[in-house]
Q: 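Sharing a structure here in C-alpha cells format.
Everything numeric in this text was worked out from a predicted model, so none of it was measured. Letters A, B, ... are given to chains in the order of the sequence lines, protein chains preceding strands, and every chain is numbered from 1.
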Protein chains: 4
Amino acid sequence: MAEPIGARQAAMERNRAALLSAASAVFLEQGVQAPIRDIARRADVGVGTVYRHFPTRAELVTAVYRHQLDECAALAPTLLEEPVAPTEALARWIDAFVEFLVTKHGLGVALQSEDPSLLSLHTLMLDTLVPACTSLLDAGVAAGEIDPGVTAHTLMRAVGNLCILGPSYRRAEAQDMVARLLIGCRARVDDRTDAPLSRQGAPQDA
Amino acid sequence: MAEPIGARQAAMERNRAALLSAASAVFLEQGVQAPIRDIARRADVGVGTVYRHFPTRAELVTAVYRHQLDECAALAPTLLEEPVAPTEALARWIDAFVEFLVTKHGLGVALQSEDPSLLSLHTLMLDTLVPACTSLLDAGVAAGEIDPGVTAHTLMRAVGNLCILGPSYRRAEAQDMVARLLIGCRARVDDRTDAPLSRQGAPQDA
Amino acid sequence: MAEPIGARQAAMERNRAALLSAASAVFLEQGVQAPIRDIARRADVGVGTVYRHFPTRAELVTAVYRHQLDECAALAPTLLEEPVAPTEALARWIDAFVEFLVTKHGLGVALQSEDPSLLSLHTLMLDTLVPACTSLLDAGVAAGEIDPGVTAHTLMRAVGNLCILGPSYRRAEAQDMVARLLIGCRARVDDRTDAPLSRQGAPQDA
Amino acid sequence: MAEPIGARQAAMERNRAALLSAASAVFLEQGVQAPIRDIARRADVGVGTVYRHFPTRAELVTAVYRHQLDECAALAPTLLEEPVAPTEALARWIDAFVEFLVTKHGLGVALQSEDPSLLSLHTLMLDTLVPACTSLLDAGVAAGEIDPGVTAHTLMRAVGNLCILGPSYRRAEAQDMVARLLIGCRARVDDRTDAPLSRQGAPQDA
DNA sequence: TATGAATGAGGGTTCATTCAT
DNA sequence: GATGAATGAACCCTCATTCAT
C-alpha cells in the first residue's frame, strides 16, 4: 500500500514538472498573461490540475522562474572569487541576468506590471537576486569603481526594464543600453560637466 | 445661423476634451488597456460617444498624448540655441521626456507593447520625438561628447523603458538611472577596462 | 414670402426623392435591413431627415417599392385587352412580377419576413397586386385554363418566395420554377395519377 | 471508475440535448439568428456552455437539423422500393420534406440566407438531401414522368422557398403550391401553349 | 487527485432612436 | 425642417474560476 502512495506522489510530481515546462513555453509565446487553459492543454492536464498545483497565476510564474533565478544568484559568489576586477565581475553577472531576461519573453513585462497577481514574482526576484547583486556592487564600491549611490534593487529594476524588447528594440540594443548604464554607475550621477570624452569620468578632479 | 452651429461645435469640442481628459486619467490609473466603458463613464458619456470621436483605441491613446509629444519635440531646437554644452542640452531634453513619461503612467507600458492597437502610438511617438532627439545627439557627437554609436531611437526606447515605474521603483530612481545611462552614452560602449573612477571614461587613452 | 415656402417644400421633396433613391440602392446592396445611417449617408442627409420622412423602416421600404408595384398592377388590364389567351396573359404578368422581384434584391426576404416592421410592405404589395392578379386568374378560370382553386394571394406569395435567390439558385432557376408552378396551376391539384407525360394534365379524362 | 465517467458523459449529453431542444424552440420562435443568450437561457445554462458545445452558430444550427435531415434522406430508397409510380414516390418524398420544412420555422429562411454563418447548414442540407432527391427524380425521368430538365438542387431550393410561411400563407397553401410545382415538373417547361386543361400537359402532341 | 464542463462577469462593438440647436 | 451627436440597449465572445464526479 506504500507503493500506490508513492506512485501517486510521483505522478503529482510529474504533473508539476509538466506544468512548469508547459508554462515556460507558453509564457515565451504569449507572455505571462496567457490563458490558463492554454497552459493546461500544453501540459496535457485539466485546468483543475493547474489550480491545484498553482492556486494563483503568480505562483506559477514564480515557480517557472525560480530555478533560473537561483542559478543566476549562485553565479555571484563564483564571480567574486575569480581574479577579475569587481567592475568586470559585475558586468559578467549582469550579462547573465540580461541573458535570462531577454530569453524569457514576457518576464520583463511581468516585472514592471503592478498587477497584484505578479507581486510575488517581483518579490521573489528581488529576494533572490538583490543579495547577489549587492555583493558585487559592494566589491565595486570598495574598489572605488562603483558609485556607492547605486543600489542593487534599483539597478536590477532598471536592467529589467531595459530588457523589455520590442519590434525595433531587440537583444543587441538592450545589451548596449545595459552596458552604458553600467558605465554610468561608475561615476557620481550628479556629474553633468561638459567635459570632453577624455575627462567625463573624472569628476573627482574638480 | 452661425451661432447655433458654433454652439454645436463647441459642445462637441467640449465633449472631445472631456473624453481626452477622462482617458488620460483612466490611463493613469489602469493603463492604456482600460475598458472603453470606464473611460465613457469617467467622461460621463455613452460608449457610443467614445467610438464616434475615437473609432479605435489607438486613436484615443494617440490623441491623449499628441499634444505633449509635440511640446516635447518643440523643446529640442530651443535647447540647441541656448548657450550650454550639447551634453547639457541633451540632458535637459531627456529630463523633459522623462517628466512626460513618468507623469503619464502607462505610457511606458504602451510603448513596449507589441499590441497592434498601440502601434500608431508607437509610430507617432517615434516620428515626433526621434528627429528632436537626433538633433541633440548629433550636436553632442559633433562636440565629441557623445558616442556616435548611440541612436535616438534606441536611446528613447531605453529611456522609455527606464521610466516604467513600479511599487519600489519610483520617479527618483528612474531619473537616476536615466542620468547614468546618459553618462554611459558619452563613452564608447566596449569600454570595460577595470580603470579606477578617474579613468573610466577615457578609453581613447589606450 | 410665398416663394421661400415653396422653396422649402421643393427642398423637402428633393430630400424625399433622394432618400428613396438612396434606399433603393442600399436595399439592393445590403437588403432591407441595412442600417438607417447607411441610407442617410447615401442620400447625403442626416439620419433625422430619414426619420422625419419615414418614421418607420416599413414606411421607407414601402415607399421605395410603391411606384414599381403600381406599374406592375397597371399592366394587368393592358394584358387582358390584348388578343392572347388568358394563360398567356397571366404568364406575361407573372414574368413582369418576377422581373420586379429578382431585380429588387432583398424584397423577397422582406416579403417572407414576419418582422412587424415590414408588415405594411406586405399589406401594400398584396393590396396593390392581388386585384391585378385576380383579374388575370379569373379570366383564366373563365376560359377553363386555370384551376379555380388557385387564389391570387397564394400564388403571388408563392412566386415571391420562388424569387428569393441564393448563391446557386439564380434568376434562371427561379424563372424556370415559376413557369412550372404556373403549369401546375392549370390542373386540379389533387391530380397525382401516375399518368405518363402525355396525359398528366388531363385528370378530367378519368 | 467507469460509472462516474459515464455519469459525466451522460450529464454532458443531456446538456447537449437540452441545448439542441432549446435551440430548436428558439429558432422556431425567433429564427436561426436568435441571440445565443436566449438559447442559453432557454436551456438553463450559461452562454459559455453553448459555445463549448457549439463553437459557432452554424454548428448549432447544423446539429439541430442534422437528425431530421438524415431521416428525410433515408426515406428515398424506401420509397423507391415500394410498388408505386416514380412520380408518386417523388411526391411522397417531397411531402416529407415539406413536413420537415414547415415544422422547422426559420429553416426556410436559413436556407435562402447568404449569411456565411449558415453556409454549413446549406451545404449539409444539400449534401444530405440532393442525392436522395436525385434518385427519385432519375426514376421519374426514366419512367418518362419527369422532365429531365429538373435538377434536384433547384427543385429542393424551390420547395424550400415555397415552405417559407407567413401570416396569410400557411402550411396548407404551401403544400398546395408545392404540389402544383411538382405537376409542372412533369412537363417540359417551355410549354406555354394556350391549350385547354385537357391538353395542357401534352406539348409533345405538337 | 485529476478532470473538464459549467458558469457568468467582463469587455468590445454596432446601430436604432432621440433631441437640442 | 434638417442635422448629426449622444445615448445605451443588445449582441458577440473570451476566459478565470469553481465543483461534482
Q: Using OP1 and OP2 only, check whether a side-chain N or O of Asn15(B) sits under 4.0 Å from dA6(F).
A: yes
Q: Return the value, rounded to whole Å, for the distance between atom CD1 of Ile39(A) and atom P of dT17(F).
A: 12 Å
Q: Describe the nucleic acid contact of Asp38(C) in one word from base, sugar-phosphate, nothing, applying a heavy-atom distance below 4.0 Å.
A: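 Nothing: the residue Asp38(C), judged by heavy atoms under 4.0 Å, touches no strand.
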Q: Tell me, do His53(B) and Glu59(B) make a side-chain contact under 4.5 Å, heavy atoms counted?
A: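 When only atoms from C-beta onward are counted, Glu59(B) and His53(B) do not touch, as no gap falls below 4.5 Å.
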Q: Answer whether the closest heavy-atom distance between the side chains of Ile36(B) and Tyr51(B) falls below 4.5 Å.
A: yes
Q: Return the 5'-most residue of the pair Pro35(A), His53(B) with respect to DNA chain F, ranking by each residue's nearest nucleotide.
A: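 It is His53(B), whose closest nucleotide lies nearer the 5' terminus.
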Q: Let me spell it out: for each of Arg16(D) and Asp44(A), pick the nucleotide of DNA chain E with the closest heavy atom. Which residue's pick is nearer the 5' end?
A: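 Comparing both residues, the 5'-ward one is Asp44(A).
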Q: Determine which nucleotide pairs with dA20(E), using a 3.5 Å limit on both distances of a Watson-Crick or G-U wobble pair.
A: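 Result: dT3(F).
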Q: Looking at dG10(E), dT17(F), dT3(E), which one has an atom nearest to any side-chain atom of Val47(A)?
A: dT17(F)
Q: When you measure from the side-chain N and O atoms of Arg57(D) to the phosphate of dC12(F), is any distance below 4.0 Å, counting only OP1 and OP2?
A: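 Yes, because at least one side-chain N or O of Arg57(D) sits under 4.0 Å from OP1 or OP2 of dC12(F).
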Q: Quick one: Leu19(A) CG to dG4(E) P, roughly how many Å, whole number?
A: 13 Å
Q: Keeping Arg41(B) on the side-chain end and Gly46(B) on the backbone end, is there a donor-acceptor pair under 3.5 Å?
A: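 Absent.
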Q: How close or far is atom P of dT3(F) from atom CZ of Arg41(C), stated in whole angstroms?
A: 14 Å
Q: Are Glu29(C) and Arg42(C) close enough for a salt bridge, meaning some N to O gap below 4.0 Å?
A: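 Between Arg42(C) and Glu29(C) there is a salt bridge, with a charged N closer than 4.0 Å to a carboxylate O.
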Q: Quick one: on DNA chain F, does Met12(C) or Tyr51(D) contact a more 5' nucleotide (nearest heavy atom)?
A: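 Comparing both residues, the 5'-ward one is Met12(C).
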Q: How would you label the contact of Val45(B) with the nucleic acid (heavy atoms, under 4.0 Å): base, sugar-phosphate, or nothing?
A: sugar-phosphate
Q: Considering every strand shown, what is the Watson-Crick or G-U wobble mate of dT13(E) when both distances are under 3.5 Å?
A: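 dT13(E) is paired, partner dA10(F).
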Q: Between Gly46(D) and Gly48(B), which residue's closest nucleotide on DNA chain E lies nearer the 5′ terminus?
A: Gly46(D)
Q: Tell me the interatomic distance from Arg37(A), atom CZ, to dT7(E), atom C1', rounded to whole angstroms.
A: 12 Å
Q: Take atom CD1 of Ile36(C) and atom P of dT7(F), then tell me their distance rounded to the nearest Å.
A: 21 Å
Q: Do Gln33(A) and Phe27(A) touch side chain to side chain, with heavy atoms closer than 4.5 Å?
A: no
